[in-house]
Every structure is written in C-alpha cells, then in structure tokens.
Amino acid sequence: MKFYLIPISFFVLTSCNLREINYSDDEIKLMKRNIVNHKDTISYADYDLYISNNNDFDSIYQNELLAYSLKIKEVYPNAYYDIFSNFLRINNDGKFSPNDILKLAKPEQDLLIYYLEEGAKKKQEYCVDVLAKFYEEGIYFDKNLKKSDSLTNINIYPMEVSRP
C-alpha cells in the first residue's frame, strides 16, 4: 500500500503546479485594488503567479507588475527581486538573464543594483544570490570573491528555536 502512495502523491503534487491559473476579470481587479490600497502581499503573490504563468506575458503585464512591485516592496521583500527581473524583461523583449544588466545604461544599472542591495538587506535570497554572482564574476562590480563569499554566507533563513 505504501508503494502506491508515493507515486500517487508525486502525481498530485506536480499536477497542481502544472495547472493553469485562471481568475475572473473581477478577481484580477480586486487583486490589483488590494495591492494598491492595502499593500496586500497575498494579492500581489497571486497576481505575480497569474502573470508569470500566463502564456501571453507581454510588456503590458510586465509594466503593471513592475509598478505593483514598486508599490509593495517595503512589505514584501520578494518584490525587490521582481523589480530587478521585470525591469530587465521589459528592456530585453520579455527575456530574462541577470547578466543583461550590462546592456542597460549606467543610471539604469545603478538603479537595479540599488534594488538588489535593498532586497539583500532584507535577506531576500534571490537578491543575495544575484549580487554574490555579480561579485564573483565581476559583473557590474570589480571581481571580489571575498565579498561574494560574505554575501553567500548571509543567514537568510531564521534560526531554529532550540527547545529545552
């Protein structure tokens, strides 16, 4: 019996992730309103997931998501990375690679690095990872393995509580 539960559990879990996420127009409007008016992180995460899984992820959605990321960044640290990634997507025909930062003008590069650093201060793991990679590979910054290692060793996850 246990042998059958493992494949069935795996199928159920993976099929949930592959299913298309559909919301009505009213639900999407409500999410957007909640993001703007209440800085609702759940609405933001749902909208981000909806947009990311949408097959026609075009610049209109990227611009919207960038605007909402800017609005909610103070209460939702993942938005700092979203600002970085969406800005690069907008400027690269919807494609994303962190290294594409070098294709931007210097003021735009500086702005995106600022958001990565702010996200890293809030221990947002993707921001930390990108900055560490940039230092390691000499992208934007001078190559600095010591700085890269120090970023990699930031304790992103909360410490476990020991029980007496």
Side-chain angles (χ1 to χ4, degrees), residues 13-14 16-141 144 147-148 150-158:
L13 290 173
T14 56
C16 290
N17 289 335
L18 298 176
R19 139 178 72 145
E20 193 172 312
I21 299 169
N22 290 316
Y23 293 105
S24 70
D25 289 343
D26 288 339
E27 289 173 313
I28 292 170
K29 287 178 187 175
L30 180 61
M31 279 186 238
K32 291 177 179 182
R33 212 172 19 252
N34 286 339
I35 294 167
V36 172
N37 295 333
H38 307 292
K39 295 186 178 184
D40 181 16
T41 58
I42 293 172
S43 292
Y44 175 82
D46 286 346
Y47 187 68
D48 181 26
L49 189 61
Y50 169 74
I51 295 302
S52 299
N53 288 329
N54 192 336
N55 289 335
D56 57 351
F57 185 66
D58 60 18
S59 62
I60 293 170
Y61 292 119
Q62 293 166 354
N63 289 336
E64 278 188 7
L65 204 49
L66 179 59
Y68 293 132
S69 299
L70 288 165
K71 179 72 176 172
I72 201 159
K73 68 186 179 332
E74 295 303 321
V75 294
Y76 190 68
N78 290 359
Y80 285 100
Y81 181 78
D82 293 344
I83 293 167
F84 171 75
S85 62
N86 288 318
F87 192 94
L88 287 177
R89 279 189 186 95
I90 290 167
N91 288 284
N92 197 28
D93 298 322
K95 297 174 188 153
F96 171 70
S97 169
N99 296 359
D100 288 341
I101 193 171
L102 297 176
K103 295 178 182 178
L104 301 174
K106 180 74 167 121
E108 293 171 325
Q109 291 176 11
D110 295 343
L111 179 66
L112 293 184
I113 292 297
Y114 167 79
Y115 284 117
L116 285 175
E117 289 174 339
E118 289 299 304
K121 288 176 188 174
K122 294 180 182 276
K123 298 184 179 183
Q124 202 290 325
E125 63 184 298
Y126 296 128
C127 292
V128 171
D129 289 345
V130 170
L131 285 172
K133 178 186 176 215
F134 283 2
Y135 277 108
E136 181 181 343
E137 297 178 7
I139 299 170
Y140 181 82
F141 302 104
N144 186 336
K147 181 73 172 176
S148 175
S150 70
L151 283 166
T152 304
N153 292 324
I154 289 177
N155 184 11
I156 296 170
Y157 305 102

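Worth knowing before you read on, the calculation uses all heavy atoms, side chains too, and leaves out hydrogens, waters and symmetry mates.
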Answer yes or no: does atom CG of L102 have more than 12 heavy-atom neighbours from other residues, nucleotides or ligands under 6.0 Å?
yes
Calculate, to the nearest 0.5 Å, the distance between atoms CG and OG belonging to D48 and S69 respectively.
6.5 Å
One should read off an interatomic distance between L70 CG and I83 CD1, to the nearest 0.5 angstrom, of 4.5 Å
What residues, two or more places apart in sequence or in another chain, satisfy salt bridge (charged side-chain N to carboxylate O under 4.0 Å, His left out) together with K95?
none
When rounded to the nearest 0.5 Å, the distance separating CD1 of I51 from CD1 of I28 is 6.5 Å
Taking atom CG as the centre, does N37 end up with more than 12 heavy-atom neighbours from other residues, nucleotides or ligands that are less than 6.0 angstrom away?
yes
For K32, check salt bridge (charged side-chain N to carboxylate O under 4.0 Å, His left out) against everything at least two apart and list the hits.
E64
Show the atom names and distances, to 0.1 Å, of all donor-acceptor pairs under 3.5 Å that link a side chain in residues 103-113 to residues at least two apart or in another chain.
from: K103; atom 1: NZ; to: D100; atom 2: OD1; distance (Å): 3.3
from: K106; atom 1: NZ; to: D110; atom 2: OD1; distance (Å): 2.8
from: K106; atom 1: NZ; to: Y140; atom 2: OH; distance (Å): 3.3
from: E108; atom 1: OE1; to: A105; atom 2: N; distance (Å): 3.3
from: Q109; atom 1: NE2; to: I101; atom 2: O; distance (Å): 3.2
from: Q109; atom 1: NE2; to: L104; atom 2: O; distance (Å): 2.8
from: D110; atom 1: OD1; to: Y140; atom 2: OH; distance (Å): 2.4

Over all heavy atoms of both residues, which pair between I35 and K71 is shortest? Give the atoms and the distance, please.
O-CG, 4.0 Å
Just how far is it from atom CZ of F84 to atom OH of Y126, taken to the nearest 0.5 Å?
13.5 Å
Approximate separation, where rounding is to 0.5 Å, of Y76 OH and I42 CD1
9.5 Å
I'd like to check the salt bridge (charged side-chain N to carboxylate O under 4.0 Å, His left out) partners of E117; sequence neighbours left out, ordered by chain and number.
none
Test salt bridge (charged side-chain N to carboxylate O under 4.0 Å, His left out) applied to K122 - qualifying residues, sequence neighbours left out:
E74
I'd like to know if the side chain of T152 reaches the main chain of S148, judged simply by a donor and an acceptor atom lying under 3.5 Å from each other, with no hydrogens or angles considered.
yes
Going by the rule side-chain hydrogen bond (donor to acceptor under 3.5 Å, both in side chains), which residues pair with K121 if we only count those two or more places apart in sequence or in a different chain?
E118
Establish, from distance only, whether the side-chain atoms of D82 and Y44 form a donor-acceptor pair under 3.5 Å.
yes
Please report the closest heavy-atom contact between L88 and S97, naming both atoms and the distance.
CD1-O, 3.7 Å
Relative to each other, are the rings of F141 and Y135 parallel, tilted or perpendicular (30° and 60° limits)?
parallel
Could you please spell out the steps behind the side-chain contact (heavy atoms from CB on, under 4.5 Å) verdict for K133 and V130?
CA-CA 5 Å; K133 178 186 176 215; V130 170; 5.6 Å; no
Would you compute the distance between atom CG of N86 and atom CG of N91 and round it to the nearest 0.5 angstrom?
11.0 Å
So R89 and S85, side-chain contact (heavy atoms from CB on, under 4.5 Å) or not? Walk me through it.
CA-CA 6 Å; R89 279 189 186 95; S85 62; 3.5 Å; yes
Would you please test Y68 and V36 for side-chain contact (heavy atoms from CB on, under 4.5 Å) and show each step?
CA-CA 7 Å; Y68 293 132; V36 172; 3.5 Å; yes
